[in-house]
Colleague: 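What follows is a single structure, and I will ask about it in a moment.
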2 protein chains.
Amino acid sequence: MTMTTRDKLAWAAAKLFQEKGFHGVGLNEILASAGLPKGSLYHHFPNGKVDLALEAAAFTHRETTRIIDDAFRDARDFPDGARTLLHKMAKMFEIMGSYTGCPITSILFAGPEYEVFCEKSAEYFECWITQMTAHAERLGCDPVQARVEGEKAFHTLQGGWTLARARRDSDVMRNLAYQTWPETTSVAQATA
Amino acid sequence: MTMTTRDKLAWAAAKLFQEKGFHGVGLNEILASAGLPKGSLYHHFPNGKVDLALEAAAFTHRETTRIIDDAFRDARDFPDGARTLLHKMAKMFEIMGSYTGCPITSILFAGPEYEVFCEKSAEYFECWITQMTAHAERLGCDPVQARVEGEKAFHTLQGGWTLARARRDSDVMRNLAYQTWPETTSVAQATA
DNA sequence: ACAGGTCTAGACCAATCGGTCTAGCCTGCA
DNA sequence: TGCAGGCTAGACCGATTGGTCTAGACCTGT
C-alpha cells in the first residue's frame with residue numbers, strides 16, 4: 001500500500017463525496033480522513049475542492065470501466081455479462097457501504113454553477129454506454145440493437161443502485177439482474 | 001395563486017434542493033427565493049432545514065403519485081401507460097429546468113447522518129412501485145409479472161432521468177420509453 | 001556541506017452556514 | 001377601543017466553510 005499523497009486525497013474524497021455529495025463534505029473532513037494537512041491539498045490540487053472532485057470522479061470512472069470490461073470479457077452473451085456486471089456492482093456497493101451513491105452522480109451533480117461537472121458526468125456516462133455497446137456487438141447483437149442494450153444496461157444499473165441505496169440492500173441489484181435478463185437455455189436471447 | 005407561506009417555503013426549497021442537493025442550498029437562498037424572512041421559516045418548521053426538506057420531499061412525492069395515476073388511468077395496457085408516464089416526466093423535467101434531479105434522491109440523499117431521510121426515500125420509492133404494480137395488475141398482468149413490471153418502470157425512470165440530467169436533454173426519456181416498451185399491434189405485450 | 005526545489009504542516013482569513021431571539025405588525029374577538 | 005396570539009421581520013450568534021500564506025522539513029544533485 002504505497003499510495004501517493006495525491007491518490008490518498010482523491011480516494012478519501014471519492015469515498016466521502018459518494019456518501020454525502022459534493023456540498024455535503026468539508027475540506028477539513030476529507031483532510032482528516034486522509035490524514036493530511038491543508039497545505040498538501042492545495043499543492044496537489046491548486047484549484048482546491050473542484051479539482052479534487054474532478055480527480056475523485058476520474059478515479060472512480062477508471063475503476064468502473066475496469067469492472068465493466070471484467071464482467072463482459074468472458075461472458076457467453078450480453079445478458080450473461082450484464083448479470084455478472086450487476087453482481088459485481090452489488091459487491092462493490094457492499095464494500096463501499098450501503099449509504100454510497102453512484103460515484104459520478106454523487107460527486108458531479110452539484111448544481112448549475114458547476115458546469116464542468118455536468119459536462120464530465122455526461123462524458124463518463126457516454127463512455128460507459130459506448131463500452132457496453134461494444135461488448136454487445138462483440139457478443140452477437142446487431143449494431144442498432146447493441147446500442148439499445150447498452151443503454152438499457154446503464155439505466156438498469158443507475159436505477160438499481162438508487163433503489164439499493166434507499167433500501168440499503170445490495171440484493172436489489174442482484175434480483176434486478178435476473179428480472180431484466182432472465183436466464184434461458186437459448187443462446188440468442190440478446191436480440192430476442 | 002393563493003399559496004400559503006408554508007407552501008411557498010416548501011416549493012422554493014424543493015426547487016432549489018432538486019438542483020443542488022440538501023447540502024448545496026443555504027437557508028438564506030431559500031428564503032430569498034421565497035421572498036420571506038427567517039422568522040417565518042422557523043415558525044412553520046420548528047426543526048429548521050430538516051423539517052423543510054421533509055416537507056419539500058412530501059410535496060414532490062404527492063405530485064409524482066398524481067402524475068403516475070394520470071399516466072396509467074386511460075392506458076390500453078401497461079406499456080402504453082409506462083410510455084405516457086415517461087413522456088409526462090420528460091415534460092416535467094423541461095419545466096423544472098434541465099439541471100433538476102429526481103425530487104426524492106436530490107433532497108433525501110444527504111448522507112448517513114440523516115437516517116430519517118433514508119427511511120423516507122425508501123418509503124416513497126416503495127409507494128411508487130406498489131402504485132405502478134397495481135396499475136399493471138389492473139391492466140392484465142398476472143401478479144408476479146406485475147411487480148416485475150412495476151420495478152422495471154421505476155428503474156427506467158430513475159436511470160432515464162439521471163442520463164437526461166447529465167445530457168440536459170429531455171428526449172433521453174422519450175426515446176427510452178419506446179426502446180423499453182416498443183409499440184406493437186399486439187395487446188398481450190405486457191407479459192411477453 | 002550546501003543550495004534549491006518539492007512537499008508538508010497548520011495558523012489564519014473573510015464569508016457563509018444553520019439556528020436563536022426579540023420587536024412589532026396585523027387580525028379577530030370582546 | 002383594547003388586547004391577545006399568530007405570524008413576519010431581521011439583527012445577531014457561534015461554528016464551520018473554502019481558501020491563502022508562511023515556515024520549515026525533506027530530498028537530491030553538486
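Letters A, B, ... mirror the listed sequences (proteins, then strands); counts begin at 1.
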Colleague: B:F109: what forms a ring-ring contact (aromatic ring centres under 6.0 Å, His included) with it, not counting sequence neighbours?
Modeller: none
Colleague: Among pairs that include at least one residue of residues 91-110 of chain B, which meet salt bridge (Lys or Arg N to Asp or Glu O under 4.0 Å), considering only residues two or more places apart or in two chains?
Modeller: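 For residues 91-110 of chain B, and leaving out neighbouring residues, the salt bridge (Lys or Arg N to Asp or Glu O under 4.0 Å) pairs sorted by first residue read B:E94-B:R174.
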Colleague: Once you build an axis from the first five pairs and another from the last five of the helix from C:dA1-D:dT30 to C:dA30-D:dT1, how far apart in angle are they, to 10 degrees?
Modeller: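 For the helix from C:dA1-D:dT30 to C:dA30-D:dT1, the axes at opposite ends meet at about 0°.
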Colleague: Should A:K152 and B:T180 count as side-chain neighbours, where that means a heavy-atom distance under 4.5 Å?
Modeller: no
Colleague: Between the main-chain N or O of B:R76 and the side-chain N or O of B:D80, is there a donor-acceptor pair closer than 3.5 Å?
Modeller: yes
Colleague: For B:Y99, give me all partners under ring-ring contact (aromatic ring centres under 6.0 Å, His included), at least two apart in sequence or on another chain.
Modeller: none
Colleague: Can you give me every donor-acceptor pair (side chain of residues 64-71 of chain A, partner residue at least two apart or in another chain, under 3.5 Å) with its distance?
Modeller:
residue : atom : partner : partner atom : Å
A:T64   : OG1  : A:T60   : O            : 2.7
A:T65   : OG1  : A:R62   : O            : 2.7
A:R66   : NH1  : A:D70   : OD2          : 3.4
A:D69   : OD1  : A:Q131  : NE2          : 3.1
A:D69   : OD1  : A:H135  : NE2          : 2.7
A:D69   : OD2  : A:Q131  : NE2          : 3.3
A:D70   : OD1  : A:R73   : NH1          : 3.1

Colleague: So B:W128 and B:F154, would you call those rings parallel, tilted or perpendicular, with 30° and 60° as cut-offs?
Modeller: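 Ring orientation, 0 to 90° scale: tilted.
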Colleague: Looking at residues at least two apart in the chain, or sitting in another chain, which of them share a ring-ring contact (aromatic ring centres under 6.0 Å, His included) with A:H155?
Modeller: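 ring-ring contact (aromatic ring centres under 6.0 Å, His included) list for A:H155, sorted by chain: empty.
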Colleague: Is there a side-chain contact between A:E115 and A:E119, using heavy atoms and a 4.5 Å cut-off?
Modeller: yes
Colleague: Quick one: sort the A:W181 and A:F78 rings into parallel, tilted or perpendicular, breaks at 30° and 60°.
Modeller: perpendicular
Colleague: Rounded to whole angstroms, how far apart are CG on B:L27 and C1' on C:dC17?
Modeller: 8 Å
Colleague: Contact list please: residues 28-43 of chain B against DNA chain D, heavy atoms, distance less than 4.0 Å, in numerical order.
Modeller: B:P37, B:K38, B:G39, B:S40, B:H43
Colleague: Within residues 4-18 of chain A, find the residues that approach DNA chain C with a heavy atom at under 4.0 Å, and present them sorted by residue number.
Modeller: A:T5
Colleague: Hey, can you pull the residues of residues 106-115 of chain B with a non-hydrogen atom under 4.0 angstrom from DNA chain C?
Modeller: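 The answer is none.
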Colleague: By the 4.0 Å heavy-atom rule, please label A:V25 as base, sugar-phosphate, or nothing.
Modeller: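 Touches sugar-phosphate only.
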Colleague: Would you say that B:E151 contacts A:Q179 through its side chain, given a criterion of any heavy-atom pair below 4.5 Å between the two side chains?
Modeller: yes
Colleague: Any side chain to side chain donor-acceptor pair (under 3.5 Å) pairs touching residues 10-23 of chain A, not counting sequence neighbours?
Modeller: A:K20-A:E29, A:K20-B:E113
Colleague: Any donor-acceptor pair under 3.5 Å linking the side chain of B:W161 with the backbone of B:T156?
Modeller: no
Colleague: Is it the case that B:T162 and B:Q158 place a side-chain donor and acceptor less than 3.5 Å from each other?
Modeller: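 B:T162 vs B:Q158: no donor-acceptor pair found between side chains.
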Colleague: May I have the list of side-chain donor-acceptor pairs in residues 32-47 of chain B shorter than 3.5 Å, sequence neighbours left out?
Modeller:
residue : atom : partner : partner atom : Å
B:K38   : NZ   : B:N28   : OD1          : 3.3

Colleague: Below 4.0 Å from chain B heavy atoms, what is the first contacting nucleotide of DNA chain D and what is the last?
Modeller: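 Contact span on the strand: D:dC7 to D:dG10.
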